[in-house]
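What you see is a predicted model; the values in this text were computed from it and never measured.
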Amino acid sequence: MIDEKKLERMSSGEGFIAALDQSGGRTPSTLRDYGIPDSTYHSKEEMYDLIHDMRKRILMSPEFTSHHILGAIIFEDTMKRQIEGLYTADYLWQKKHILPFLSIDEGLLPEENGVQLMKDIPNLEEKVLDAKEHHVFGTKQRSFIHHANEEGIKAVVAQQFELAKKVFHLGLVPTIEPEIDIHAKDKAQAEEILKKAIIAELNVLPKEVKILLKLSLPSKPDYYRELMDYEQVVRLVALSGGFSRTEADQKLAENHGMIASFSRALLEDLSYQETDFEFDLYLHQAIDQIDEASRI
């Protein structure tokens, strides 16, 4: 059963979703960007301790508030850790009034037909029920589109919607994320195929199923805007996909009603070496700029 109060908060609240769910494979590069070299740690456990410290510093910052932020996407390891005596999802909702999302995908398969489908999630039910026990609101699952291949893109969308229906019926609100490579030469054509495939799925999706759509910023302003008209779509969300924050904010401002779910664009100025004053200042600037672009 979906919490209606939280669903209303996500559907009508102002602000954006902070993506803090860098997976194990991306953690070393995230730490390097944060100013922590690979030589600092010598095991996965140490690496996860360091990335949790980074995320905790962000979440506990006085600048990280529900005035600007609707939700935060976290990694499974983060969900199972505590902040100030509370599990992370409880800390987010109880202390910050920010909705917690869990990244549930297990990574990507090798490229085929111009796309990378998600790997199977054999323990999906166990993972979702564990997230519910930790009071998570929703999930996020990512695929990747390299080229405008119709067969491949249709397969991505079909897999995403099938997984989303399972997640919703287990009691969480899924976020569908079929990311398109922002550097693809045929990006606009890929967006055309993707939108048609999403609309086809939405047309047969039961009205009671609620989803978020997280899409790469489109080549044409407001290109995905009509997707917000579907009753099933709680929110239309943008990923930065490698754009700098300035570029991502400019493109987001061209897409009315779309809100951000940025990761790299949010974190790009943050560093382990910064004082708390500097860290909070740079985080404030990032949050303020992204929030402003999300409210257009």
(Q) Can you tell me how the ring of F75 sits relative to the ring of Y48, calling it parallel under 30°, perpendicular over 60° and tilted otherwise? (A)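 Tilted, since the angle between the ring planes falls between 30° and 60°.
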Do you know which two heavy atoms are closest between [X] and [Y], and how far apart they sit?
X    : Y    : value
P174 : T139 : CA-OG1, 3.3 Å
E292 : I296 : O-CG1, 3.7 Å
K119 : E106 : CD-O, 3.4 Å
S61  : D280 : OG-OD1, 2.8 Å
P100 : L92  : CB-CD1, 3.9 Å
R142 : M118 : O-CG, 3.1 Å

Would [X] and [Y] count as having a side-chain donor-acceptor pair, cut-off 3.5 Å?
X    : Y    : answer
T175 : K214 : no
S66  : K96  : no
E247 : S244 : yes
H146 : D181 : no
R55  : T78  : yes
N203 : Y230 : yes
S143 : Q116 : no

4.5 Å side-chain heavy-atom contact, [X] and [Y]:
X    : Y    : value
F262 : D249 : yes
F144 : E111 : no
L266 : I287 : yes
Q82  : T88  : no
I51  : Y34  : no
I104 : L172 : no
L267 : D33  : no
E151 : N149 : yes

Does the distance from a Lys or Arg side-chain N to an Asp or Glu carboxylate O, for [X] and [Y], drop under 4.0 Å?
X    : Y    : result
K195 : E191 : no
K220 : E192 : no
E268 : R264 : no
E162 : K165 : yes

Q: Is it possible for you to check whether R57 lies under 6.0 Å from the centre of the six-membered ring of F279, through NZ or CZ, and within 45° of that ring's axis?
A: yes
Q. Does K251 make a cation-pi contact with F243 (under 6.0 Å, within 45 degrees of the axis)?
A. yes
Q: Please identify each residue that fulfils side-chain contact (heavy atoms from CB on, under 4.5 Å) with I193, with sequence neighbours left out.
A: A148, E150, I153
(Q) If the condition is side-chain contact (heavy atoms from CB on, under 4.5 Å), which residues does D291 pass it with, not counting sequence neighbours? (A) F16, H68, R295
Counting N and O atoms only, with roles assigned by atom type, does the side chain of [X] sit under 3.5 Å from a partner on the main chain of [Y], one being a donor and the other an acceptor?
X    : Y    : value
N123 : E126 : no
S11  : L7   : yes
D3   : K6   : yes
R81  : Y87  : no
S240 : A248 : no

Q.
So, applying side chain to side chain contact (heavy atoms under 4.5 Å, CB included) with L70, which one of I259, V237, I98 is it?
A.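 For L70, the side chain to side chain contact (heavy atoms under 4.5 Å, CB included) check succeeds only for I259.
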Q: Can you spot which of V156, L194, V115 makes a side chain to side chain contact (heavy atoms under 4.5 Å, CB included) with I180?
A: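 So, applying the side chain to side chain contact (heavy atoms under 4.5 Å, CB included) to I180 and each of V156, L194, V115, only L194 qualifies.
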Q) Among Q250, Q289, Q285, whose side chain to side chain donor-acceptor pair (under 3.5 Å) with R245 holds? A)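 Answer after filtering Q250, Q289, Q285: Q289.
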(Q) Going by the rule salt bridge (charged side-chain N to carboxylate O under 4.0 Å, His left out), which residues pair with E254 if we only count those two or more places apart in sequence or in a different chain? (A)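 None.
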Q | K154 NZ: over 12 foreign heavy atoms closer than 6.0 Å | A | no
